[in-house]
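In what follows, a single structure is set out as structure tokens and then discussed.
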Amino acid sequence: MDQVEGAMHMVEGPVVVAADPFDPESRTAELPRGGAPDPVIPGVVDPLVPAAGSGLRGWAGRVGAALVRDGLGLLPVMALAALPMHFFVGRLDDTVIAAPALFDLAGGFGLLLLPLMWVAYLTVSALPLVVCLAGAVGVVVPSAADGVRPRPREVWASVRDRLRALWLWFAVVGLVTGGLALVTVPAVAAVASTGLMTLAGVFGCGLLIERGHGVRRSRHLLARAPLAGLLGCSALAAVLPLVADELVGGVAATAVAVLAVQVWAVGALVTYAQARRREAPVTSGSLRAELKAPEEWLR
């Protein structure tokens, strides 16, 4: 019997053969995996990720370009952060000073309210940092990848599932910085706050974009990126609001604080992207794909 051309044959199990992307005769094709990094094309300048080997100049160029390109898109973010910054954020030592007043007001029971005041302080004081960093990631990354400013609904959808972990992280940072302000001299507290904000910024970007990684991952990325720019932004965000409060106070100090924190957030994002680029090929498009990947895909 003649062999029938194109006959089907049964096999005991499924046979999967990967397609060769360079084989013009191949009749199969591999579907792109969601969240896979975009190829890095030599000579093409990414609007967010500094080129490999670029230092402080590349970092500063990307930060400045992001602030100019997305300044209007970040205005609602800063307005949202200004409200808790102005009305609710205080100093941790204010709650300690309030202990005698609570004792006089409600006797021994009043002292039980002191831990609740600390929890409330840590929760609300972390909110401006959470809003500014999440807003920077949600606005700048899609804008750099697509060339179009994302809508507020798209920004919210890209970061809403990670805000709880980010808020908890910054509450812990607030606890440490507040405790340092109580037990150390102001200069030492400012230096420690600068270091913590540098670590917190990179770690926060990892929580929003990668998820599932801890402090060791942040330390690994920090070791790969030039930190001079982010350290400067962190120092300004830690010190400038206090100076402005002493000199002018009120609304002007709040405006200075929100602007400094937003610049720090953009600087942290670019530092994170620069560290990722030194570790492996990465673009703003691949970062956007990771940011938009569903939670189930990463588990």
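Throughout, numbering of the chain's residues begins at 1 and tracks the sequence.
Residues L48 and L72 fall within the same hydrophobic cluster, defined by Ile, Leu, Val, Met, Phe, Trp and Tyr side chains chained together at heavy-atom separations under 4.5 Å. Linking Ile, Leu, Val, Met, Phe, Trp and Tyr residues whenever their side-chain heavy atoms come within less than 4.5 Å leaves V258 and V239 in two separate clusters. Linking Ile, Leu, Val, Met, Phe, Trp and Tyr whenever their side-chain heavy atoms come within less than 4.5 Å puts Y272 and L222 in one cluster. No continuous path of hydrophobic side-chain contacts links V256 to L83 [ILVMFWY only; heavy atoms under 4.5 Å]. Residues L168 and V131 do not share a hydrophobic cluster, clusters being chains of Ile/Leu/Val/Met/Phe/Trp/Tyr side chains in contact below 4.5 Å.
The existence of a salt bridge linking E210 and R162 is excluded, since no basic side-chain nitrogen approaches an acidic carboxylate oxygen closer than 4.0 Å.
R278 places a side-chain N or O within donor-acceptor distance of the main-chain N or O of R224, the cut-off being under 3.5 Å. Formation of a donor-acceptor pair under 3.5 Å by the Q262 side chain with backbone atoms of C132 is found in this model. Side chain of W264 to backbone of L133: no donor-acceptor contact under 3.5 angstrom is found. For the pair D146 (side chain) and V148 (backbone), a donor-acceptor distance under 3.5 Å is absent. Under the 3.5 Å distance criterion, the side-chain polar atoms of W59 are matched with a main-chain donor or acceptor of G267.
The CG atom of L163 sits 7.0 Å away from the CG atom of L208 when rounded to the nearest 0.5 Å. Between L291 atom CG and S286 atom OG the span is 11.0 Å, to the nearest 0.5 Å. The OG1 atom of T271 sits 14.0 Å away from atom CZ of R276, with the distance rounded to the nearest 0.5 Å. To the nearest 0.5 Å, the span separating CD on Q274 from CG on L230 amounts to 10.5 Å. One distance of note links CG of L227 with OG1 of T198; it measures 7.0 Å at 0.5 Å rounding. Rounding to the nearest 0.5 Å gives a distance of 12.5 Å between CG of L259 and OG1 of T254.
Using a 4.5 Å heavy-atom threshold, the side chains of L287 and T283 count as separate. Counting heavy atoms from C-beta on, the side chains of R277 and P50 never come closer than 4.5 Å. In this structure the side chain of P76 never reaches within 4.5 angstrom of the side chain of P152, judged on heavy atoms. Counting only heavy atoms from C-beta outward, the side chains of V155 and V77 never approach each other to under 4.5 Å. Under the 4.5 Å side-chain criterion, counting only non-hydrogen atoms from C-beta, P47 is in contact with R69. Residues L127 and F170 have side chains not in contact (no heavy-atom distance under 4.5 Å, counting atoms from C-beta outward). Between L75 and M78, the closest side-chain pair of non-hydrogen atoms falls below 4.5 Å. Using a 4.5 Å heavy-atom cutoff, the side chains of V45 and R62 are in contact.
When every heavy atom of M197 is checked against every heavy atom of A237, the shortest pair comes out as CE-CB, 3.8 Å. In terms of heavy atoms, A66 sits closest to V266 at CB-CG1, 3.9 Å.
A donor-acceptor contact closer than 3.5 angstrom is absent between the side chains of S234 and T194. A donor-acceptor pair shorter than 3.5 Å can be found between the side chains of D46 and S284.
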Determine, stepwise, if the pair V261 / L129 fulfils side-chain contact (heavy atoms from CB on, under 4.5 Å). CA-CA 7 Å; V261 171; L129 298 178; 3.6 Å; yes
